[in-house]
Protein chains: 2
Amino acid sequence: MARAGVTAERLTLAAAELADEVGVENVTVAALARQFGVKDASLYFHLRNAHELRVRIALLALAELADRVADALAGRAGKDALVAFANAYRDYAREHPGRYAAMQIDLDPETAAASAGVRHAEMTRAILRGYRLSEPDQTDAVRMMHSTFHGFVSLERTGGFRHTPRPTDDSWSRALDALDAVLTNWPPR
Amino acid sequence: MARAGVTAERLTLAAAELADEVGVENVTVAALARQFGVKDASLYFHLRNAHELRVRIALLALAELADRVADALAGRAGKDALVAFANAYRDYAREHPGRYAAMQIDLDPETAAASAGVRHAEMTRAILRGYRLSEPDQTDAVRMMHSTFHGFVSLERTGGFRHTPRPTDDSWSRALDALDAVLTNWPPR
DNA sequence: GTTTTTTGCCTAGTAGGACTAGGCTGGCAC
DNA sequence: GTGCCAGCCTAGTCCTACTAGGCAAAAAAC
């Protein structure tokens with residue numbers, strides 16, 4: 001019997017693509033095995049369990065997004081950097097909804113610490129250098145930024161904005177303007 | 001054989017409680033049947049399918065949250081109202097993580113239109129009356145508000161803020177200050 | 001280049017969830 | 001009382017996750 005050539009990397013990539021097509025919750029070991037023309041039991045040589053599959057998608061996504069953000073940020077500062085970061089984030093989420101959703105599962109501490117999530121944190125703080133904030137203001141500002149990005153993207157995806165005709169792109173750039181304004185005058189009020 | 005007295009309402013409530021305990025993704029028809037001391041097949045007399053169960057949890061949660069927000073908002077205006085709304089929202093999400101997660105599934109348009117989601121929208125706009133915004137600024141502001149609330153709560157829940165020791169309560173009130181500031185000077189910059 | 005070991009895949013199984021078809025029955029309408 | 005039907009049942013199908021143990025292809029040892 002010929003070998004199918006399944007590796008952890010090919011598996012993770014296929015899983016990520018499947019997630020984008022059918023949603024993370026429908027990424028199943030069985031479906032993946034079918035794609036590789038292999039029985040599902042065989043995948044457990046490359047995989048501890050189904051949960052690990054999602055974790056791997058999450059780690060892949062975190063790394064991909066960190067790369068994109070790093071590119072977007074190159075040579076920019078201040079509001080320019082803020083907008084570039086934000087758009088890279090939102091674009092990634094829209095292009096890869098399944099991967100983005102996978103990113104939201106909570107990793108156990110050591111996995112998280114070894115993930116590209118730390119690069120995200122570093123880059124976010126790098127942006128804030130343009131706004132000259134010190135602790136604990138910086139942390140508060142980072143959290144506000146992240147909340148706005150994630151909240152907007154997440155609501156946009158699940159249809160939370162659908163009931164109003166206003167184009168979401170317009171609301172998005174206003175939100176970024178607002179974020180810039182508030183960061184410029186941090187701490188607020 | 002004695003009848004178990006299963007009704008759609010009791011089922012929904014039990015499902016919601018189960019969701020808060022074990023997460024929406026683990027709310028299963030079989031588990032619910034066990035709680036009622038009934039075979040799983042029997043529940044399909046009260047339920048079209050498993051998805052409907054989650055939709056019902058979502059509708060229940062939307063209604064409960066709308067009630068809470070309405071109470072919190074009574075007699076308040078301006079920043080006072082904003083903070084009351086925000087805290088009601090966050091408190092609900094923390095007390096009822098499963099219900100909150102269920103709220104995020106996207107309902108089909110007619111279900112959404114008949115849900116308590118419309119009350120949320122009305123109340124959000126009511127808050128903005130204190131900031132005297134007209135369209136389309138109002139819509140942008142509503143979206144920003146909602147994004148911040150949802151994003152913060154969601155990240156807090158999934159552990160997105162864990163790597164920094166700063167208490168999330170402090171960051172939260174700063175975020176509300178920021179939101180108030182930006183709404184006061186809308187449109188930004 | 002043959003032997004040994006490892007590894008990648010297999011079959012065969014268990015267990016549990018979603019869901020359907022069709023049967024029995026307790027309690028209501030009349 | 002007779003009939004009806006809602007509310008529960010059994011029994012079955014199909015799917016997924018996951019385990020144990022077998023076999024053969026490829027890689028390593030010699």
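So that the names make sense, note that chain A is the first sequence line, chain B the second, and so on, each numbered from 1.
The listed nucleotides are D:dA17, C:dT20, C:dC9; the one nearest the side chain of A:His46 is C:dC9. When the nucleotides C:dC9, D:dA20, D:dC8 are ranked by their closest atom to the side chain of A:Ala41, D:dA20 comes out on top.
Atom C1' of nucleotide D:dT16 and atom CG of A:Leu53 are separated by 13 Å, given to the nearest angstrom. Following rounding to the nearest Å, B:Leu11 (CG) and D:dC8 (P) show an atom-to-atom distance of 10 Å. Atom CG of A:Leu43 and atom P of D:dA17 are 10 Å apart (whole Å). For the pair A:Lys39 NZ and D:dC23 P, the computed distance is 18 Å after rounding to whole Å. At whole-Å resolution of the value, CZ in B:Arg48 and P in C:dT20 are 11 Å apart. We find that OH of B:Tyr44 is positioned 15 Å from C1' of D:dA11, with the value rounded to whole Å. Spacing between atom CG of A:Leu47 and atom P of C:dC9 amounts to 13 Å, rounded to whole angstrom units.
A heavy atom lying under 4.0 Å from DNA chain C marks the following residues of residues 24-34 of chain B, by number: B:Thr28, B:Val29, B:Ala30, B:Arg34.
Between the side chain of A:Arg174 and the main chain of B:Ala141, no donor-acceptor pair closer than 3.5 Å is present.
Grouping Ile, Leu, Val, Met, Phe, Trp and Tyr by side-chain contacts under 4.5 Å, direct or through others, puts B:Leu13 with B:Leu60.
Of all non-hydrogen atoms in B:Ala102 and B:Ala58, the two that sit nearest each other are O-CB, 3.4 Å.
Between A:Asp169 and A:Arg90, at least one side-chain nitrogen of the basic residue sits less than 4.0 Å from a carboxylate oxygen of the acidic one, meeting the salt-bridge criterion.
Scored by the side-chain hydrogen bond (donor to acceptor under 3.5 Å, both in side chains) test, A:Glu135 finds A:Arg125, A:Thr139 as partners (sequence neighbours excluded). Remark: B:Arg54 engages no residue in a side-chain hydrogen bond (donor to acceptor under 3.5 Å, both in side chains) (not counting sequence neighbours).
When the side-chain nitrogen and oxygen atoms of B:Ser42 are compared with OP1 and OP2 of D:dG7, none of them lie within a distance under 4.0 Å.
Along DNA chain D, the nucleotide nearest to A:Phe45 and the one nearest to B:Phe45 differ in position, and the one closer to the 5' end is contacted by B:Phe45.
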For residues 33-49 of chain B, which side-chain N or O atoms pair as donor and acceptor with protein atoms under 3.5 Å away, sequence neighbours left out?
| unit_1 | atom_1 | unit_2 | atom_2 | d |
| --- | --- | --- | --- | --- |
| B:Ser42 | OG | B:Lys39 | O | 3.3 |
| B:Asn49 | OD1 | B:His51 | N | 3.2 |
| B:Asn49 | OD1 | B:Glu52 | N | 3.0 |

Short heteroatom pairs, N/O only, protein and nucleotides 13-15 of chain C, under 3.5 Å:
none

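A:Tyr92 does not carry A:Arg68 over the face of its six-membered ring by the limits of under 6.0 Å from the centre and within 45° of the normal.
Not less than 6.0 angstrom separates the ring centroid of B:Phe152 from the ring centroid of B:Tyr89.
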